[in-house]
Every structure is written in C-alpha cells, then in structure tokens.
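Atoms within a ligand are numbered from 1 in the order they appear, just like the ligands themselves. For clarity, every value in this text was computed on a predicted model and none was experimentally measured.
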Amino acid sequence: MTTTSTDIPTTGGTSHKQLAAWVEEVAALTTPDEIVWIDGSQEEYDRLCGELVDAGTFVKLDDAKKPNSYWCASDPLDVARVEDRTYICTKDEDGAGFTNNWMAPDQMKTEMEALYSGCMKGRTMYVIPFVMGHLDADSPMYGVELSDSAYVVTNMRIMARIGADVLKQMEDTDADFVRCLHSVGAPLEPGQQDVAWPCNETKYISHFPEERTIWSFGSGYGGNALLGKKCYALRIASAVAHDEGWMAEHMLILKLTSPEGKSYNIAAAFPSACGKTNLAMLEPTIDGWKAEMVGDDIAWMRFGPDGRLYAVNPEFGLFGVAPGTGWSTNSNAMQTIEKGNSIFTNVARTKDGDVWWEGATDEKPAELIDWKGNPWTPESSEKAAHPNARFTTPAKQCPMIAPEYDNPNGVPIDAILFGGRRATTIPLVYQSRDWNHGTFVGATLSSETTAAAAGAVGVVRRDPMAMLPFIGYSATDYIQHWINIGKDNDESKLPKIFGVNWFRKSDDGKFLWPGFGDNSRVLKWICDRLEGKVEADEAPIGLLPKAEDIDVTGLDMSADEVAASLAYDAEAWNKELPMIEEWLAKFGDKLPTELSEQLATLKKNVQN
Ligand code: GDP
Ligand code: PGA
Ligand code: MN
Ligand code: MN
C-alpha cells in the first residue's frame, strides 16, 4: 500500500489528473483511515461482503436457497428517499424551479463541508469509477463515487457498470466525469465499536447541476446513496439532457412482440412503487404475446438518424420493491432473485437462511425474523418486511431481458405511458389526441404517495411525468422541454402517448383491474391503436377504448366490472379539474401556451 500526499494509505491511484486531485482533496477534507480503489472484480466483491458480514451489516443467506446473496437491515430511520432533504443548488433560485428545494451552491458547500470535515475518520474511503449506460456508447457517461460505505460499493457493483475497465477508459480518453461524494456521516473514534448501519440524523442529498456534481451525506439508503441512479441518471442527467436536446426520464422500457411477430417498444413513467418493475417484467396472460425487459426504472432517450426517439437503460441492475413481488404476481422477478448474487434490504428472514416479505408466497411462513430483527409470526400485528424493502439484483439475471439491452443505441420507442396510483377518477387506459395533449397528461399526472419516499403515504399529489422528485432543474423548463421536443421533431415519428391506471378501486375498496400479467391486455389495445386496428371513443379526457376491443379472453371479470374500470367518471373529473388548475397555476406565466390551451379544452369538455 502506498500513501497519498495527505499520508493516507491507498491501494491504488490513477493517471487521470483531475480524478487524482479530487480524490486527494476529498481525502484531506474527510480524513479516512485508508483509500481503496474499487476494481469491480468478483474477488473484491466477495471480500467486501465478507467484511460486511463480520461487521454485522450483512447476514449471508443459505447458498442452496439464494446463492451468494445477503440480507441486510437499515437503521429504521433510513429506509427511503428523503425528498425534503434533497436540494438542487443552482446559482439562481429560478434554476431549481418551484418543485425543488434550493440553496445557493456556496452556502450549501459551506454547510456540507462542515459536515464532511473529518466525517470518514476510522473508515475506508472507496473510489468507485462507474459509467451509466454503456462503456462503448458514443459519449460514455462517466462518474466516480467516493463513499465510506462498503454497502454502497457492493450495491453499486450490481446497479452500475463499475471498476477497472471504466477507470482505464477514463484515463485513456482523459474523460470528464460526474463527481459523486457520499458519506454516511458517522466517523469512528479509535476503538469505537461501529453499528450495523451507520448513518446520521442530518441528511443532505445535494446536486450542483451546473458543475455536474453530487454531494450526499447522512444516509445509506439506495436512492440517497447509490449516486449513479436517481442523483446522476435522473437529476444531473435531466439537466444535461435539457441542455443537449435529449431526455432522461423515470421510465421502464418494455419490448413487446405480437403473435404476428411485430415488436413494439413501450416506455412507461409511473412514480416510485407504482408498478414499473412489474410492468417491465410482464408475463402476458394473452396467447402469443411475448414481453422482454430493456429497463425497469430509467430511460435515456435520444433521437436517432431516422428521426425516431431511441431509449437506453443506463443501469446494470434492478433495485426493486420486494413487498408484493411474488411467484403469482411477478415470477420473472422471483426467478431473477433465485439465481442469487442479490442483496436484500429490510425484508424479513427465515431461520433457515432465506428471505420473505408480504406477497412473496400466498401462505405466510409460521415464523420469521422481521426486518427489525424481532421474532415474527402470522399473528404479529406488524409487517414482516418494511413496505419499501428492496432487492438489488443483476439485470442480466432476468430470464426475459431483451438482447437490445446491450445495444448502446437503444430501442425506438413506439408508445409512452403515464400512470399513477389512483383509487378513483383515472380510467384503466386512454390515449392522448397528440403530443401536446400527451404532454398535458404527463404534466398533470397524479398519484397517491408511497413508502418509497419518507413522509405520508396515500396522499394524492401531482407528479409530472413521475419526475417530481427527480427533475434536476426547473419544472417549468422541464415541461417546456417536452413541448419543444414536439415542436422540433416530426410528430408522426414521435411515440404516441397514453394514460393508464392499474389501481382504480370499486366502492368496496377492491382493485377493479387484476393488474400484473393482465396488463398485457391493455398493452395489446395500445398496440392495436398504433396499428390503427381499432377505433376509440372521443371522451372529454381523450380517446377511450370500446369495451369490446379489450381482450378479456380467460379473464374472470364480468362485463360490468370491465366497464367500470374503463369508464369516464364525469363527477370525479369535475372534482379533479380544480386540482389540475391549482397545480398548473403554480407554473405562473411560464406555463407553455400549449398547456393552457389543453387545460381550456379539458375544462370545456368536462364541464359540458
Ligand atoms: P416501481 O417502484 O414503480 O418499480 O413499482 P413495482 O413494480 O416495484 O411495484 C410496486 C408495488 O405495486 C408492488 O407492491 C407491486 O406488487 C404493486 N403493483 C405493481 N403492479 C401492479 C398492478 O398491476 N396492480 C396492482 N394492484 N399492484 C401492482
Ligand atoms: P422505484 O425506484 O421507482 O422502482 O421505486 C426507486 C425510487 O424511485 O426511489
Ligand atoms: Mn424509481
Ligand atoms: Mn422499480
């Protein structure tokens, strides 16, 4: 082991001058005991997992049940993204827009430097070179995360392409990279015993989009700490995309092939914990249709030479919601996990070295150790797993991953879906009349809040394009960007836009639509619309399916139930209108005229 100029022992180094200088600068500020350069190898991963087992952070699962996999529980106060501690630090407050928390970059840096000062004492600082998207992309999107958490390193290795290959290419091309600094914020005094999940009550998830920099402090939770994902691939990338004329969106990418052999690529934006991973792993319940996953959370979309919009999944793994994922709802996810190489956070575990969560099996196990480490039986009043418990697993293990996943140029998108969790009002599916109307459907998207973010659950809020927590700049500029995409491009080549809602409920509180694999029936109608095979009914909110055009073969639902899930509810929409108006009023005079025109049309239609 050599030492840096700050006299801190280090396992490696780099010929990349800016990277070397930044690593030294951060080490001088945070004063770790050593610096470890991450090469991304299996040996290194196994060694770090072993260290996490020794530290009491990981429990190794039984190799016969989940090969090479680990269970882990977070601090009970560090279980989700912290939106109220997430900041966009642009020089101008306007740059962050009305939806984001803002602080001036200098002020944020002063505050955070005080927190970072000496914060890695007694710990190791890991240097994780990574690339979001493909290493052989036209312009690879590099990042380097400096983190004092081995949990972060092991999860980053599943979620992103990391390690020596990436560093070498960065060095060879003297590439620019996004600086991602992360600390759990829990320095150790000499001899001080560490806890299983170190974190800090004070948390900051800060973004400096003008400098392409991320500073995260105090949390180890995925969305706050695996900085390649939400922080880079959505917040920073959306700001870059705005400047460069492309799109970074909170969307799954699904390839669907019809019985006639024609393939369609569908991108869908649903808020966190509203069904992206499940739809991405769809198992069609209608004959002859085949589904393949390209991505389950993030889509980077750029225009191809043919004028079409192409999407790539910049990630390498899946960070999925465990509860509700089971053999009867999503067997593809279960098969992915079964192959092992996974990390389970905040699920329950069985005494014989396996994991469990609500919905994993229809029958509850007789006894478990819950996510907080307490004994659990089916009589227990508390849930065995935290509602936002997660599995981290390699995307390549998914049995239905599309070969196009490996194509750095991505897949041409035929349709975009916007959906949320709404017990009322929003019908199962409807089509927008054109790009601007589709942008309106996205801009006014709403959903009940979920456990994926800290705070109240079940409250309806507007979540434009499911990007409310992820727009790395001003929401007004973001919506304008969508309108401009429509203006600057040949609309006939743009994806068609649809609204969906799998979560509508009957008066007695039951889901009207079976969801999961049966969502293939909705996608079939969407493909039929793309082909011009079926007509649709003009409704006040857009184009609604004729009930007979939804394939319900083999579905255990009465015609009335199908009709109820598809219906336009005039009374509910009259109540929805003022909420939409109130939301759009927040954009002030910066609301694109195209959207005020859409609002006027909706008002006229609904009130008629
Ligand atoms: P993501 O966070 O957007 O990727 O959402 P997931 O696909 O992980 O799903 C979040 C939760 O919603 C899980 O508990 C799922 O079981 C549940 N879910 C997903 N799709 C459906 C559906 O079509 N119908 C119903 N009722 N629940 C769903
Ligand atoms: P999700 O991803 O969208 O799959 O829930 C994590 C998140 O958005 O926090
Ligand atoms: Mn997400
Ligand atoms: Mn997901």
Side-chain angles (χ1 to χ4, degrees), residues 80-81 83 159 221-224 226 228-235 238 248-254 267-285 293 295-299 313-315 317-334 336-337 347 357-360 383 385-393 395 398 417-423 428-429 445 447-453 457-458 463 465-471 500-506 509-523 565:
R81 287 184 291 99
E83 293 180 1
M159 292 307 299
Y221 172 74
N224 302 327
L226 310 177
K229 190 176 179 60
K230 301 299 180 180
C231 300
Y232 182 154
L234 285 176
R235 298 196 189 97
S238 66
E249 299 293 336
H250 192 202
M251 291 178 181
L252 67 93
I253 310 162
L254 173 70
F270 309 156
S272 303
C274 291
K276 287 182 304 302
T277 301
N278 275 273
L279 191 64
M281 295 195 183
L282 179 81
E283 271 179 276
T285 51
M293 178 184 76
D296 84 315
D297 195 48
I298 299 175
N313 168 15
E315 299 194 276
L318 312 170
F319 182 62
V321 176
T325 305
W327 289 102
S328 58
T329 53
N330 189 347
S331 89
N332 286 320
M334 297 304 274
T336 308
I337 290 163
V347 304
W357 49 80
E358 279 70 20
K383 294 226 153 84
H386 185 277
N388 191 39
R390 296 272 172 169
F391 55 80
T392 318
T393 197
C398 179
L417 277 48
F418 291 119
R421 212 175 252 276
R422 288 296 305 269
L428 181 62
V429 59
L445 180 66
S447 182
E448 291 146 24
T449 50
T450 68
V457 168
D463 190 340
M465 282 76 178
M467 281 286 282
L468 180 71
F470 307 121
I471 303 170
V500 298
N501 178 22
W502 315 144
F503 300 94
R504 200 175 191 181
K505 288 181 175 169
S506 59
K510 294 208 183 78
F511 288 120
L512 281 167
W513 180 251
F516 300 102
D518 287 317
N519 293 333
S520 57
R521 300 168 191 276
V522 174
L523 299 184
S565 66

Contact with ligand 1 for A273, non-hydrogen, under 4.0 angstrom: yes
message: If you measure every N or O of L279 against every N or O of ligand 1, does any of those distances drop under 3.5 Å?
response: no
message: Using a 4.0 Å cutoff against the non-hydrogen atoms of G324, which atoms of ligand 1 qualify?
response: 14 (O), 16 (O)
query: Strictly by modelled atom types, are N519 and W513 linked by a side-chain donor-acceptor pair under 3.5 Å?
result: yes
query: Regarding T450 and R421, is there a side-chain donor-to-acceptor distance under 3.5 Å anywhere?
result: no
- request: Tell me whether T277 has at least one N, O or S atom under 2.8 Å from the Mn ion (ligand 4).
  value: yes
- request: Determine, considering heavy atoms only, which of F270, W502, F391, F503 sits nearest to atom 27 (N) of ligand 1.
  value: F503
task: With heavy atoms of R421 as the reference, note each atom of ligand 1 found under 4.0 Å away.
output: 11 (C), 12 (O)
query: Are side-chain N/O atoms of N330 and T325 paired as donor and acceptor at under 3.5 Å?
result: no
query: Taking the Mn ion (ligand 3) as the vertex, what is the angle from NE2 of H250 to NZ of K230, given to 10 degrees?
result: 90°
message: Checking the N or O distance criterion of under 3.5 Å, is ligand 1 in contact with P323?
response: yes
query: For ligand 1, which atoms, with element, lie under 4.0 Å from some heavy atom of F511?
result: 26 (N)
query: Which N, O or S atom name in D297 marks its closest approach to the Mn ion (ligand 3)?
result: OD1
query: Do any N/O atoms on T277 end up under 3.5 angstrom from N/O atoms on ligand 1?
result: yes
- request: Could you tell me whether N278 and ligand 1 have an N or O pair separated by under 3.5 Å?
  value: yes
query: Is it the side chain (CB and beyond), the backbone, both or neither of N519 that lies under 4.0 Å from ligand 1, heavy atoms counted?
result: side chain
message: Give the atom numbers and elements of ligand 1 that come within less than 4.0 Å of a heavy atom of V321.
response: 2 (O), 8 (O)
message: With a heavy-atom distance limit of 4.0 Å, tell me whether F516 approaches ligand 1 through its side chain, its backbone, both, or neither.
response: both
